[in-house]
Amino acid sequence: MRLLESLENLLESAGYSVRTFASAKALLDGGLSEIDCLITDIGMPVIDGFELLDLAKKARPDLPVFLITGRHEIGDQKRANAKDISGFFRKPFDGPTLLAALGDALRVTVGDDDDGAR
């Protein structure tokens with residue numbers, strides 16, 4: 001929960017609107033249509049981050065997805081098999097680096113005609 005709150009604060013301080021979900025199932029139940037980017041931990045129970053990545057990419061192939069892990073061995077093991085990720089970060093991660101990667105991914109997805117809204 002602390003990581004989720006810290007990540008939310010980081011993104012909001014950079015001007016992004018943030019929606020958090022208690023679980024991957026809650027996110028999927030709410031739908032992905034209004035989500036511009038997905039940042040998920042790979043170590044979630046029931047539906048882990050890799051499964052969520054697969055489900056999200058089936059529904060929205062263009063959706064930028066970032067994976068975060070604190071369990072380095074799992075990340076290293078599965079990272080090689082993960083296609084279609086916009087970024088992979090290990091906890092603790094560098095906030096400015098994540099923001100830069102997020103900005104790059106959203107520019108590619110939305111286009112360079114940014115009207116300033118996030």
Side-chain angles (χ1 to χ4, degrees):
M1 288 308 291
R2 244 179 48 216
L3 174 67
L4 187 60
E5 291 172 7
S6 295
L7 184 57
E8 184 176 9
N9 290 337
L10 173 69
L11 296 173
E12 286 178 344
S13 72
Y16 292 101
S17 296
V18 178
R19 293 176 57 192
T20 60
F21 298 87
S23 67
K25 183 178 179 338
L27 166 65
L28 294 170
D29 288 347
L32 297 170
S33 64
E34 295 187 23
I35 304 287
D36 293 327
C37 178
L38 175 61
I39 302 172
T40 184
D41 193 315
I42 65 170
M44 297 181 300
V46 184
I47 300 173
D48 71 24
F50 288 104
E51 292 170 300
L52 182 56
L53 168 69
D54 290 341
L55 294 168
K57 286 298 183 174
K58 284 179 186 168
R60 296 261 318 273
D62 61 327
L63 183 68
V65 178
F66 290 85
L67 300 175
I68 297 176
T69 186
R71 296 161 42 189
H72 296 207
E73 67 283 355
I74 292 173
D76 289 341
Q77 207 171 33
K78 294 187 177 180
R79 182 180 182 180
N81 299 328
K83 294 180 250 157
D84 300 326
I85 62 169
S86 298
F88 189 90
F89 291 86
R90 290 185 174 149
K91 299 174 198 172
F93 57 87
D94 181 64
T97 302
L98 175 62
L99 290 175
L102 179 60
D104 290 345
L106 290 174
R107 269 190 292 286
V108 168
T109 303
V110 177
D112 290 329
D113 58 337
D114 185 10
D115 64 359
R118 294 183 180 182

Gap separating the CG atom of Leu52 from the OG1 atom of Thr40, nearest 0.5 angstrom:
5.0 Å
With side-chain contact (heavy atoms from CB on, under 4.5 Å) as the test, would you mind laying out the steps for Leu102 and Phe66 before giving the verdict?
CA-CA 8 Å; Leu102 179 60; Phe66 290 85; 4.0 Å; yes
Stepwise side-chain contact (heavy atoms from CB on, under 4.5 Å) check, Ile68 with Phe88
CA-CA 6 Å; Ile68 297 176; Phe88 189 90; over 6 Å; no
Could you tell me which residues satisfy side-chain contact (heavy atoms from CB on, under 4.5 Å) with Thr97, sequence neighbours excluded, listed by chain and number?
Phe89, Asp94
Please report the interatomic distance CG(Leu67) to CD1(Ile39), rounded to the nearest 0.5 Å.
10.5 Å
Working note: Leu53 + Leu38, criterion side-chain contact (heavy atoms from CB on, under 4.5 Å); need CA distance, chi angles, decisive distance, verdict.
CA-CA 9 Å; Leu53 168 69; Leu38 175 61; over 6 Å; no
What are the two closest non-hydrogen atoms of Leu63 and Cys37, and how far apart are they?
CD1-N, 3.8 Å
Could you work out, with side-chain contact (heavy atoms from CB on, under 4.5 Å) as the rule, every residue matching Leu99, not counting sequence neighbours?
Leu10, Leu11, Ala14, Tyr16
Roughly how far, to the nearest 0.5 Å, is OG of Ser13 from CD of Glu8?
11.0 Å
Keeping the roles fixed (side chain from Asp41, backbone from Met44), state whether a donor-acceptor pair exists under 3.5 Å.
no
Mind jotting down which residue pairs meet the side chain to side chain donor-acceptor pair (under 3.5 Å) criterion with at least one end in residues 18-32? Sequence neighbours excluded, please.
Lys25-Asp29
side-chain contact (heavy atoms from CB on, under 4.5 Å) for Leu7 and Val18? Distances and angles first, verdict last.
CA-CA 9 Å; Leu7 184 57; Val18 178; over 6 Å; no
Determine yes or no for a side-chain-to-main-chain donor-acceptor pair under 3.5 angstrom, with Ser86 supplying the side chain and Val65 the backbone.
yes
If every non-hydrogen atom of Ala22 is compared with every non-hydrogen atom of Ala26, which pair is closest and at what distance?
N-CB, 4.4 Å
Just verifying a value: how many Å separate Lys91 NZ and Ser6 OG, rounded to the nearest 0.5 Å?
11.0 Å
Any donor-acceptor pair under 3.5 Å linking the side chain of Arg60 with the backbone of Ile35?
yes
Does Glu51 reach the main-chain N or O of Asp48 with its side chain, forming a donor-acceptor pair under 3.5 Å?
yes
